[in-house]
Amino acid sequence: MTKLSEGAIEALSNGTGGNDAVLQLVNIRKIDGGSGLPRFRVMMSDGLHTLSSFMLSTQLNFMAEENRLAPNCVCILKKHVTNILKDKRRVVIILEMEVIKSAEDVAGRIGEPTPYTEGQGKGSQLAPNPENRPPLQQQNRNEGEWNKGFNRDFGKKAPSAMPSTPGDNSKVVPIASLNPYQSKWTIRARVTNKSSIRTWSNSRGDGKLFSMEIVDESGEIRVTGFNQEVDKFFSLVEVGKVYYVSKGSLKIANKQYTSVKNDYEMTLNGESSIIPCEDDCDVPVMQCDFVSIGDLENREKDAIVDVIGVCKSVDEVTRLTTKSNREVSKRTLNLMDMSGKLVTVTLWGEEAEKFEASGQPIVAIKGAKLSDFGGRSLSASFSSTLMINPDIPEAYKLRGWYDKEGHAMDGQSLTEVKGSGGGLTNWKTLSDVKTEHLGHGDKADYYTCIATIVYLRKENCLYQACPSQECNKKVVDQHNGMFRCEKCDKEFPNFKYRLILSANIADYADNQWVTCFQESAEAILGQNAAYLGQLKDSNEAAFDEVFQQANFNTFVFRSRVKLETYNDESRIKATVMDVKPVDHKDYSKRLIMNIRKLAAQ
Amino acid sequence: MEGILDVPKPRITCGMLSQYIGRPVCFVGRVEKVHPTGKTFTVSDGEGKIATVELVCVLDEELSGVVEVVGMVSNKGAIMASTYNVLREDKGIPFDLELYAEALKVIHEFPQHYPFEVAASG
């Protein structure tokens with residue numbers, strides 16, 4: 001006969017122990033969890049007493065669903081947490097339990113346990129050898145009331161009469177055990193990441209919020225505070241410090257905004273409290289799931305990732321104005337890790353200004369946003385955390401590698417540095433432009449392609465423009481030796497030739513008519529506009545020859561495309577912003593990568 | 001020598017030598033060591049493996065850098081060169097041997113998309 005841990009039920013109920021207690025499962029009952037997840041309530045016995053206030057944590061739901069937890073089986077309670085409800089009753093949450101004897105191997109009820117009462121008088125006296133039926137009915141009644149009490153707790157609006165100082169009546173529970181069904185808990189965790197205050201203003205009103213991520217031995221969770229909670233807690237909380245946090249509201253996590261591994265996320269409310277904790281050595285410093293920089297190519301754009309690397313170089317801080325006319329600071333740095341690949345990271349605001357770049361530090365970013373700008377690049381968003389020379393093993397590994405070999409490597413960058421800043425380097429084929437309806441939206445679309453010139457329109461490719469430095473407007477020939485510019489409101493004895501070149505370019509997929517202005521036209525034709533103007537007037541054969549030579553050359557075109565409506569007709573107009581010779585190495589690499597991606601599908 | 005110019009000569013790396021014994025191939029690699037007799041030299045491919053090239057006529061100049069060798073593969077896995085040409089490093093973009101090896105891998109992995117051996121029909 002298996003020996004149960006007599007006295008364990010009393011200890012568990014009082015919150016004074018019960019670790020590794022051997023208990024018999026008397027009854028198990030499924031409860032609708034309310035958020036779609038079922039919860040299981042169990043009644044356990046230690047041979048002396050039974051207690052029905054056991055709840056299975058959701059991670060153990062599978063045990064119930066696989067029928068491992070049948071009435072009469074004997075289990076060891078390996079990990080649990082005792083929560084105290086508002087009405088002083090205790091609920092034991094089972095975090096880890098092992099079945100050591102299945103129900104079939106057990107003869108029946110072990111011992112003659114009676115329900116353990118905690119002075120509430122709810123459990124009425126039971127006959128010594130209770131069968132399953134009577135206690136069950138008893139339980140139903142108890143359970144009904146217990147559930148009600150439970151649900152009352154769930155209503156967070158009820159004001160708390162309990163002081164929420166830690167160590168008072170709330171024991172510290174692990175973050176992994178947090179769920180929406182208990183609201184009276186205290187956790188002890190370290191803040192790993194705190195965002196800045198964000199404000200918003202929409203038709204429903206305005207508000208502000210901040211968010212942070214906290215971690216303890218069992219896991220991590222994201223915490224958000226709105227409006228009043230921002231005022232209460234934002235300045236109190238410091239990254240890296242440990243706090244006791246109680247009574248936040250839990251809900252299913254919105255994974256879109258965070259890479260934190262937890263099914264739930266927490267919102268601070270009027271009852272929540274955050275109190276600094278002095279004793280913090282047990283709480284881990286950081287929970288990061290670093291992605292190798294070489295792997296970033298395989299991740300989807302807009303993914304949230306953690307990265308760590310050596311800051312090989314950093315650029316100066318620049319300031320730019322956003323669409324909402326706000327000025328913001330920006331700074332880019334290059335990170336390299338042991339994959340030999342380099343990626344450009346953009347920092348914003350204060351982080352950009354404060355960044356200390358000396359000595360090629362190890363930089364770790366948690367929650368950086370991956371973008372397809374320039375191929376692949378990273379941005380530290382308002383919810384990312386930047387750490388310089390963090391005290392974690394990955395950092396030391398990187399430092400060692402860099403000092404030995406990394407410093408000599410050039411690193412292959414995943415981010416193409418574009419001279420004409422502000423553009424998105426996205427490679428398209430000419431058929432993509434049509435199938436993806438580029439240019440059909442409100443804004444113009446920009447794309448890059450490799451294409452061959454198949455036709456150049458040499459008629460009307462030159463026009464007479466205003467000779468003033470800044471002005472390129474077409475001048476009107478006054479036929480008296482003078483040329484008038486309407487924009488400058490002046491007349492000039494001369495003009496300068498400028499190019500507007502209409503061309504048809506093609507790749508394997510499709511062709512496209514584009515317009516090239518001065519710089520790109522000159523690059524394609526290999527001559528400057530003034531010289532061409534001269535040739536056109538003096539030597540037509542030579543002029544034609546220029547166009548012949550320019551035909552069938554292949555370039556990298558960076559184009560802008562937009563739908564334009566003219567007299568009821570809408571047409572896509574494509575303008576070449578920039579022309580560059582083909583970088584065959586880069587092109588080959590890209591082709592090989594695309595082939596491999598296709599092959600893997 | 002004349003015969004070899006008309007036939008398809010697949011581009012290969014060291015790893016594929018054994019599959020092309022007795023067949024004409026084109027091999028691109030970096031010159032490693034030239035034998036004192038000038039009749040043979042070793043080349044390394046984009047993956048770092050070494051192959052031996054044997055010449056009909058003795059080298060009359062010092063050979064270095066990346067070369068493209070056309071010839072037959074002998075039973076011993078060496079290349080009996082019919083002709084070679086040096087890819088000059090002082091002009092243009094330096095040849096990326098590793099990238100070349102990557103490209104060759106793709107070509108050999110998907111022969112259905114790279115039908116080079118469709119001989120020039122007579």
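All values reported here derive from a predicted model rather than from experimental measurement. Chain naming here is simple, since letters A, B, ... match the order of the sequence lines and numbering starts at 1 in each.
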Nearest heavy-atom neighbours spanning A:Leu430 and A:Ala506 | CD1-CA, 3.7 Å

So which donor and acceptor atoms of chain B and chain A come within less than 3.5 Å of each other?
residue  : atom : partner  : partner atom : Å
B:Glu109 : OE1  : A:Arg596 : NH1          : 3.0
B:Glu109 : OE1  : A:Arg596 : NH2          : 3.1
B:Glu109 : OE2  : A:Arg596 : NH1          : 3.1

Are any side-chain N or O atoms of B:Ser44 and backbone N or O atoms of B:Gly48, one a donor and one an acceptor, separated by less than 3.5 Å?
-> no

Polar contact flag, side-chain donor to acceptor under 3.5 angstrom, B:Glu54-B:Thr40 | no

Heavy atoms of B:Phe27 and B:Val43 approach each other most closely as CE2-CG2, 3.4 Å

Shortest non-hydrogen contact between A:Cys311 and A:Val363, atoms and distance = CB-CG2, 3.8 Å

Quick one: closest heavy-atom pair of A:Ile453 and A:Ala550, and the distance?
-> CD1-O, 4.0 Å

